[in-house]
Amino acid sequence: MKKLLELISEEMQAAFEAAGYGEAEAGSQLGRVTLSNRPDLCEYQCNGAMAGAKKFKKAPIMIAGEVAEKLQGSQVFSQAEAVMPGFLNLRLSEEFLRDYLRDMRQAEKFGLDEPTKPRKIIIDYGGANVAKPLHVGHLRSAVIGESIKRICRYAGHEVIGDAHLGDWGLQMGLVIVGIKERQPDLVYFDDSYEGEYPKEAPFTISELEEIYPASSSKSKEDPEYKAQAMEATYKLQNGVRGYRALWRHMMNVSVADLKKVYSSLNVEFDLWKGESDVRDLIPEMVQYMKDGGYAYISEGALVVDVKEETDTKEVPPCMILKSDGASLYNTSDLATILERMRLYHPDQIIYLTDKRQDLYFDQVFRCARKTKLVEPETQLKWIGFGTVNGIDGKPFKTRDGGVMRLETLIQETKDEMLRKIREGREMSEEEAKAVADMVAISALLYGDLSNQASKDYIFDMDRFTSFEGDTGPYILYTIVRIKSILSKYAEQGGSLEDSEGLELLAAPAEAKGFAQKQLMMQLAGFNAMMESASEETAPHRVCAFIYDLANAFNHFYHETKILAEEDEAQKRSLIALLLLTRDVLETCIHVLGFEAPDKM
Ligand code: ARG
């Protein structure tokens, strides 16, 4: 379905053509209409006459006047007025707007067209490290990645989400030596053992999470200990049985826990692959890079040059193997690209990491292109996100200055929400808790997603959990308000089925008042918004849209009698508008990754 602005621009262009300022004469289309930047004067505007003035050697106001003349009696505009120095101020015909919304209601996905070229997209947005707890830094990658996945899927692309676990580096060796120190008699450390290893892991998740930080800080002070960890990593990577068995336990225990935390944020991965999955591809890839003449030895290490003539900053070579033959973070990202191309052949791979990995991804992408791991048309896109700060403007920390665990942050938000929900509401404790959990997730997700990804933001618990302002709870509150009017209407015997004449939106009943029209115009922008959110991988656009939509709805609600409306046909038409508003809002929050309760 065409976008509203497209349709009205076409009408405008036709008027320019009719007035003799057509594309052929002007050399370009002058009829482009945009939203008005003076909503007090008009709804839309066209500045084409200003652009045409030079070409036609005529005062813009004269051109605008002639075009406005042609628009009298238009089905699209109820008002088209030429104003000094040559703007066209426009108002939409209410009939036209109602027809548009009726078509939108009946179309698939509210009139969002399928993409002309659907893409197969892999999104790499987990990056969690096995045996290390998720912290607040992992929030953004998970939340933004999940939303981009849902938006692109909704828009009609095929999307695969991959957790891409950090499960193969030095951290695994550090945990192994940490375990060995605590429980040296475990059978995993007995080189002569040939039997089956136990099914039960010799640690719980909390023990595991304690071991890593302890072991990591010890290795920084004690070079001997660090050497042991490196050796353990080496043994693990080279297939020593006991180490592999222990590693499998770490994976199981840790992944089960990660799934729990991710799913509490409604984050779901299609693939739970990790760095370890491509370990066997590395030798082959290294050989290929050498044979192709891409990789060479520099100071003992194997590198690929990735600098380009147009560089304004220094881009160092991409290191593939260290001088001791060990692989790096690079190496597994490159081998993962190789694997993804072989297994899925994506048109695009999107990565989410914090924005400090800028240069890193530049190197990796250049290297992948230069060595032809991908095809020339494969798109590689990196989205670097900003830091989550505390109200002091510094990176978010716990009260005692430590790293905030993601689970703690989620729990604190839920607790705060429960406190607010309990205030002045009649609800059973159980219901209050369930509602608070849902609303808390909206607070967290919306608080993050409403910012442009690349910007830092301040995690302000008080603001995020408020029912007023640009917040998740405000959006949910609006949806719940609509739901409650609708259920009252149904209780009074009204039908919520579209077949019962609820398409009355298109009936000639006058759209009442300013607020209703604003709401209708806002709804009509859905398809254009969703298309750009998907093309620009920008969840914040969806947030901005639903914030405006919720505001438009609440104005309308305060200005309009809905259930008290006496004209039955008019009332049904208002209900139809409510149904459409509810469905559009729910579709939008779903792509952001959260849902609304029925009551709150
Ligand atoms: N595990 C990495 C870390 O914690 C993040 C991985 C990001 N994704 C990637 N494909 N490199 O730093």
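Read the numbers this way: they start at 1 and go in the same order the structure lists the ligands and their atoms.
Using cut-offs of 30° and 60° on the angle between ring planes, the pair Y188 and Y197 is parallel. Aromatic ring pairs are classed by plane angle as parallel below 30°, tilted from 30° to 60° and perpendicular above 60°; the pair F526 and Y154 is perpendicular. Y351 and F361 have tilted rings, their planes meeting at an angle from 30° to 60° on a 0 to 90° scale.
Here the heavy atom of the protein found nearest to atom 10 (N) of ligand 1 is D333 OD1, 2.8 Å. Protein heavy atom in closest approach to atom 2 (C) of ligand 1: G127 O, 3.7 Å. Nearest to atom 8 (N) of ligand 1 among the protein's heavy atoms is D124 OD1, 3.5 Å.
Those atoms of ligand 1 with a heavy atom of T353 less than 4.0 angstrom away are 7 (C). Short contacts between ligand 1 and Y351, defined as distances under 4.0 Å to a heavy atom of the residue, involve ligand atoms 10 (N).
In this structure, M319 places its CE atom where only 12 or fewer heavy-atom neighbours from other residues, nucleotides or ligands lie under 6.0 Å away. Few gaps surround NZ on K120; more than 12 heavy atoms of other groups in view lie less than 6.0 Å from it.
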- Pair L476-I589, side-chain contact (heavy atoms from CB on, under 4.5 Å): steps then yes or no: CA-CA 9 Å; L476 295 193; I589 61 170; 3.8 Å; yes
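For ligand 1, none of its N or O atoms has an N or O atom of Q357 under 3.5 Å away. Checked against a 3.5 angstrom limit, the closest N/O atoms of Y329 and ligand 1 fall inside it. For ligand 1, the polar-atom distance check against N129 finds a nitrogen or oxygen pair separated by under 3.5 Å. Taking any N or O of A128, backbone or side chain, none lies under 3.5 Å from an N or O belonging to ligand 1.
Of the listed residues (T471, D470, V542), just one forms a side chain to side chain contact (heavy atoms under 4.5 Å, CB included) with Y547, and that residue is D470.
At least one heavy atom of F361 sits less than 4.0 Å from an atom of ligand 1.
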